[in-house]
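Chain letters run A, B, ... following the sequence lines, proteins first and then strands; every chain starts at 1. Keep in mind it's a predicted model, so treat the numbers as computed, not measured.
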There are 2 protein chains.
Amino acid sequence: MTLDAPAYRTTPQREAILAVVREAGDHPSAREIYERVQVRRPGIGVATVYRTLELLAAHGRVLALQLGDDPIARYDGNVADHDHVLCEGCGAVADVAVPLPPQVADAVESATGFQVRTQEVQFLGRCPACRT
Amino acid sequence: MTLDAPAYRTTPQREAILAVVREAGDHPSAREIYERVQVRRPGIGVATVYRTLELLAAHGRVLALQLGDDPIARYDGNVADHDHVLCEGCGAVADVAVPLPPQVADAVESATGFQVRTQEVQFLGRCPACRT
DNA sequence: GTCCCTGCAAAAGTTTTGCATTGCG
DNA sequence: CGCAATGCAAAACTTTTGCAGGGAC
């Protein structure tokens with residue numbers, strides 16, 4: 001049993017969408033992904049993009065994110081464990097790895113009774129260009 | 001000069017909305033706040049609720065939150081510095097304080113060049129009732 | 001009287017859903 | 001061939017905006 005075999009049907013649309021997310025340097029929204037994928041496969045529908053992103057996220061091929069106060073979902077092709085830094089000036093987003101010590105999750109568990117599976121940190125500040 | 005004087009006009013609608021958010025034990029959405037505030041002040045409009053929540057959040061009277069993958073904004077009357085634990089089973093949310101050591105922000109700054117102003121941690125797991 | 005606030009309604013934007021057709025496996 | 005996936009369009013929601021009326025100061 002291979003670990004990386006997709007448990008879903010592979011189609012040209014899905015491959016194109018996954019490629020777009022993986023090649024994106026920023027953290028594109030569904031609409032941005034929809035627009036970019038038109039270059040590869042003109043005619044692809046918005047619904048397909050949304051359904052595929054949900055599928056890929058459920059299978060851990062991409063990360064679905066809500067960044068800051070922005071209500072729009074964003075997607076990240078980097079599925080390694082990492083966190084995000086947001087610029088309050090221009091909206092830029094950078095990936096950053098912040099390995100919290102396991103004691104932090106332990107403290108949360110004993111304080112709340114929740115069993116913690118994972119965590120994500122979001123930092124808010126100003127990017128180099130916006131520090132004036 | 002008092003520090004806690006509101007820099008905006010106090011109206012019955014705004015007082016009612018702030019009271020609803022403060023008394024809420026959960027983390028209600030704008031629609032839920034709209035529904036709950038009808039009990040106090042029937043006839044209040046949705047737009048007023050949205051505008052007031054934005055105002056209160058801008059003045060630090062309430063916290064605006066995006067929790068997990070949920071695109072809907074939620075509001076928290078607890079404005080003390082704290083984080084959140086989300087139940088992946090039932091959607092329950094609990095407040096929890098996780099004071100990260102300042103070295104963490106320093107590490108992010110040197111890794112990304114961003115100047116970090118604040119941060120929020122979200123933990124994902126299962127609440128006591130959903131641990132089966 | 002002036003200006004801000006409110007409520008209503010419409011608009012804007014994101015995401016979901018229904019359905020006939022297509023095409024992967 | 002069977003059935004899941006697609007594309008289109010409409011629907012469902014959340015949130016924002018325009019505007020006339022009303023109230024606070």
Side-chain angles (χ1 to χ4, degrees), chain A residues 2 5-21 24 26-59 61-76 91, chain B residues 5-21 24 26-59 61-76 91 93:
Chain A
T2 56
Y8 50 85
R9 187 178 293 183
T10 299
T11 67
Q13 288 91 337
R14 291 178 176 178
E15 290 179 26
I17 290 167
L18 181 55
V20 164
V21 177
D26 50 353
H27 295 72
S29 66
R31 172 145 300 270
E32 288 164 343
I33 294 164
Y34 165 73
E35 284 161 3
R36 292 177 197 178
V37 86
Q38 294 298 329
V39 179
R40 290 168 193 265
R41 288 200 60 81
I44 196 171
V46 201
T48 301
V49 173
Y50 276 95
R51 281 187 284 237
T52 299
L53 288 171
E54 184 184 3
L55 181 83
L56 294 174
H59 286 271
R61 295 293 196 287
V62 304
L63 244 45
L65 304 171
Q66 296 290 146
L67 298 177
D69 282 357
D70 197 343
I72 307 172
R74 308 207 153 259
Y75 295 87
D76 195 339
Chain B
Y8 49 84
R9 187 178 293 182
T10 299
T11 68
Q13 289 90 338
R14 291 177 176 177
E15 289 179 27
I17 291 167
L18 181 54
V20 164
V21 177
D26 51 353
H27 295 71
S29 65
R31 172 144 300 270
E32 287 163 343
I33 294 164
Y34 165 73
E35 283 160 5
R36 293 177 197 177
V37 87
Q38 295 298 327
V39 179
R40 289 169 192 264
R41 287 199 62 81
I44 196 171
V46 201
T48 300
V49 174
Y50 276 95
R51 282 187 284 236
T52 298
L53 289 171
E54 184 184 3
L55 181 83
L56 295 173
H59 286 272
R61 294 292 193 289
V62 304
L63 244 46
L65 304 169
Q66 295 289 147
L67 298 177
D69 282 359
D70 197 343
I72 306 172
R74 308 207 152 261
Y75 295 88
D76 195 340
V93 183

List every contact pair, protein side and nucleotides 21-25 of chain C side both N or O, where the distance is under 3.5 Å.
unit_1	atom_1	unit_2	atom_2	d
C:dC24	O3'	A:T10	O	3.3
C:dC24	O2	A:R9	NH1	3.4
C:dG25	OP1	A:T10	N	3.4
C:dG25	OP1	A:T10	O	2.9

Stretch residues 13-20 of chain A: residues that reach within less than 4.0 Å of DNA chain C through a heavy atom: none
Divergence of helical axes at both termini of the helix from C:dG1-D:dC25 to C:dG25-D:dC1 - five pairs an end, 10° steps: 30°
Under 3.5 Å donor-acceptor pairs involving side-chain atoms of residues 40-58 of chain A, not counting sequence neighbours:
unit_1	atom_1	unit_2	atom_2	d
A:R40	NH2	A:E23	OE1	2.4
A:R40	NH2	A:E23	OE2	3.1
A:T52	OG1	A:T48	O	2.7

Can you spot which of A:D76, A:V37, A:I33 makes a side-chain contact (heavy atoms from CB on, under 4.5 Å) with A:V21? A:I33
Which letters describe nucleotides 10-21 of chain D, given B = protein heavy atom under 4.0 Å from base, S = only from sugar-phosphate, - = neither? ----SBBBB---
Please report, rounded to the nearest Å, how far the P atom of C:dT14 is from the CG atom of A:D70. 9 Å
Measure from the side-chain N and O atoms of B:R31 to the backbone N and O of B:S29, and report whether any donor-acceptor pair falls under 3.5 Å. no
Spacing of A:R41 atom CZ relative to D:dC8 atom P, expressed in whole Å: 12 Å
Between A:H27 and A:E32 the two heavy atoms that sit nearest each other are O-OE1, 4.4 Å
Please find the pair of heavy atoms, one from A:D69 and one from B:Q66, that lie closest to each other, and give the distance. O-OE1, 3.6 Å
Between D:dA5 (P) and A:L53 (CG): distance, integer Å: 15 Å
Smallest separation among heavy atoms of A:A64 and A:Y75, with atom names: CB-CE2, 3.8 Å
Check residues 11-20 of chain B and write down every donor-acceptor pair under 3.5 Å in which the side-chain atom is one partner and the other belongs to a residue at least two apart or another chain.
unit_1	atom_1	unit_2	atom_2	d
B:T11	OG1	B:R14	N	3.2
B:R14	NH1	B:R9	O	2.9

Could you give the CG-to-P distance, from A:L65 to C:dT14, as a whole number of Å? 17 Å
Look at the side chain of A:Q38 and the backbone N and O of A:E35, then say whether any donor-acceptor pair between them is shorter than 3.5 Å. no
